[in-house]
Amino acid sequence: NIKISVLGANPNSGITNTAGGIVGDVLGNTEIACCVNKGSITASEGDGNHSGGIAGSKYGDNIVTNCINFGNVAATGRANYYGHTSDNYAGGIAGSHSNHGRISNCVNSGSSQITADGCASNYAGGIVGQNSVWSPVIINCANESSGKIAALNGNNAYAGGLVGSNEFKSIIDGCVN
């Protein structure tokens, strides 16, 4: 079993950690297609932690399609030396998804556990932890996992079978939990 972990070397640095089973951070006009993750993915101790079975963070006009996650996903954070707290995003496909991107025909499967835990806001979803800003689309996806999805502790906690939080003109269409 493969484990992928990104740990903040200095939680006071302001660095955001992203960890993904296929890619940590997806930016710009790119496509990820027909990929499978079976490993455990963790992003922790950063000034923001994004963890996803396929992509840790997905920003921009890009596509993730026909991908499957079987692995556990966790994003965890705590207060740093200055008392600043980090937001944590965990999703079966992507931890966070924004800015006109599209996730289509993807599945979170098996018994994967999705967990976001920390001092600030925590987002956990079977497909995406947070779907937000500038109309990102999730279409024809499914969460078939029998594992637990949990957003724990913090000031705000959002958990959903498909998406932990869907905000600002974000679209979910034709999906199944």
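Any value given below was found using the heavy atoms of this structure, including those in side chains, with hydrogens, waters and symmetry copies removed.
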Self-check item: Co-members of V176 in a cluster of I, L, V, M, F, W and Y side chains, linked at under 4.5 Å
Solution: none
Practice problem: Among Ile, Leu, Val, Met, Phe, Trp and Tyr joined by side-chain contacts under 4.5 Å, find the other residues sharing a cluster with I171 and list them by chain and number. | Solution: V137, I139
I want to check something: taking the side chain as every heavy atom from C-beta on, are [X] and [Y] in contact at a cut-off of under 4.5 Å?
{"X": "N49", "Y": "T16", "value": "no"}
{"X": "C175", "Y": "I127", "value": "no"}
{"X": "N99", "Y": "D61", "value": "no"}

Show the nearest heavy-atom pair for residues [X] and [Y], with the distance to one decimal.
{"X": "N66", "Y": "C106", "result": "N-SG, 3.8 Å"}
{"X": "N131", "Y": "P136", "result": "OD1-CG, 3.3 Å"}
{"X": "S57", "Y": "T18", "result": "CB-CG2, 3.8 Å"}
{"X": "I22", "Y": "V36", "result": "CD1-O, 3.8 Å"}
{"X": "S132", "Y": "S98", "result": "O-CB, 2.7 Å"}
{"X": "H50", "Y": "G56", "result": "CB-O, 3.3 Å"}

Exercise. Give every residue pair that meets the ring pair (Phe, Tyr, Trp, His ring centres under 6.0 Å) criterion with at least one member in residues 17-49, sequence neighbours excluded.
Key: none
Quiz item: With sequence neighbours excluded, what pairs up with N122 under the side-chain hydrogen bond (donor to acceptor under 3.5 Å, both in side chains) test?
Solution: N88
Quiz item: Same cluster or not: are I54 and V163 linked, directly or through other Ile, Leu, Val, Met, Phe, Trp or Tyr residues, by side-chain heavy atoms under 4.5 angstrom apart?
Solution: yes
Please tabulate, one pair per line, all N/O donor-acceptor pairs under 3.5 Å involving side-chain atoms of residues 24-35, not counting sequence neighbours.
none

Quiz prompt | ring pair (Phe, Tyr, Trp, His ring centres under 6.0 Å) involving Y59 - partner list, sequence neighbours excluded | solution = none
Practice problem: Sequence neighbours left out, what passes ring pair (Phe, Tyr, Trp, His ring centres under 6.0 Å) with H97? Give chain and number order. | Solution: none
Could you work out, with side-chain contact (heavy atoms from CB on, under 4.5 Å) as the rule, every residue matching [X], not counting sequence neighbours?
{"X": "N143", "answer": "N108, S145, I149, L162, N177"}
{"X": "A157", "answer": "A151"}
{"X": "E144", "answer": "V107, S109, A142"}
{"X": "S165", "answer": "Y123, Q130, Y158, E167"}

Quiz item: Say you draw a straight line from NZ of K148 to CD1 of I114; how long is it, rounded to the nearest 0.5 Å?
Solution: 12.0 Å
Practice problem: Enter the distance from S40:OG to Q113:CD here, rounded to the nearest 0.5 Å. | Solution: 10.0 Å
Practice problem: Report the residue from I68, I103, V73 that forms a side-chain contact (heavy atoms from CB on, under 4.5 Å) with I93. | Solution: I103
Quiz item: Which pairs, with at least one residue in residues 133-142 and sequence neighbours excluded, count as a side-chain hydrogen bond (donor to acceptor under 3.5 Å, both in side chains)?
Solution: none
Between [X] and [Y] (side chain of the first, backbone of the second, donor and acceptor by atom type, cut-off under 3.5 Å), is there such a pair?
{"X": "N17", "Y": "S44", "result": "yes"}
{"X": "N37", "Y": "N69", "result": "no"}
{"X": "N72", "Y": "S112", "result": "no"}

